[in-house]
**Student:** 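Let me give you the structure first, and then I'll get to my questions.
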Amino acid sequence: MFGCQQNLIRADSEIKAILEYLSSESAKLSNCGIYYARQLYFKTGKVPNRAQLHKVLGTEKG
């Protein structure tokens with residue numbers, strides 16, 4: 001089981017903007033991974049492992 005620790009920080013507006021951006025991008029990446037894993041499961045009946053997800057989502061395309 002995973003634990004969670006809350007750390008309260010006092011951030012100026014610049015740090016706050018950076019933290020909000022990183023949180024947003026992290027959520028998007030998580031959603032992409034879940035979507036890809038579900039689609040792969042529906043098509044093949046197999047759940048991809050972390051290495052397979054990193055191979056697909058960890059590379060920048062563009």
Side-chain angles (χ1 to χ4, degrees):
M1 179 142 204
F2 294 102
C4 182
Q5 178 178 346
Q6 185 179 38
N7 293 317
L8 300 176
I9 60 171
R10 295 182 185 186
D12 59 2
S13 60
E14 184 178 341
I15 298 294
K16 186 175 178 182
I18 292 170
L19 292 174
E20 287 176 358
Y21 173 76
L22 290 175
S23 298
S24 173
E25 294 301 306
S26 173
K28 290 176 189 177
L29 184 59
S30 177
N31 287 337
C32 285
I34 292 169
Y35 176 81
Y36 178 77
R38 285 175 51 99
Q39 295 304 309
L40 194 62
Y41 177 76
F42 293 146
K43 290 179 183 177
T44 65
K46 297 179 182 178
V47 178
N49 62 24
R50 180 181 287 187
Q52 292 167 327
L53 288 176
H54 188 270
K55 186 185 289 186
V56 173
L57 300 174
T59 57
E60 186 174 328
K61 297 177 183 175

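The figures that follow rest on heavy atoms only: side chains count, while hydrogens, waters and symmetry mates do not. Only a predicted model underlies this, so the values are computations on that prediction, with no experimental measurement involved.
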**Student:** Should we count CD of E25 as having more than 12 external heavy atoms under 6.0 Å?
**Tutor:** yes
**Student:** Give the minimum heavy-atom separation between P48 and L53, together with the two atoms involved.
**Tutor:** CG-CD2, 4.0 Å
**Student:** If I take atom CD1 from residue I15 and atom CD1 from residue I9, how far apart are they, to the nearest 0.5 angstrom?
**Tutor:**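 Nearest 0.5 Å value for the CD1-CD1 distance: 7.5 Å.
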**Student:** Among S26, S30, S24, whose side chain to side chain contact (heavy atoms under 4.5 Å, CB included) with K28 holds?
**Tutor:** S24
**Student:** Would you give the length of the straight line joining atom CG of L40 to atom CZ of F42, rounded to the nearest 0.5 angstrom?
**Tutor:** 11.0 Å
**Student:** If two hydrophobic side chains count as joined below 4.5 Å and joins carry through other members, does L29 share a cluster with Y36?
**Tutor:**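 Yes, it is one cluster - the side chains of L29 and Y36 are joined through contacts under 4.5 Å.
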**Student:** So do the side chains of Q52 and N49 get within less than 4.5 Å of each other, counting heavy atoms only?
**Tutor:** yes
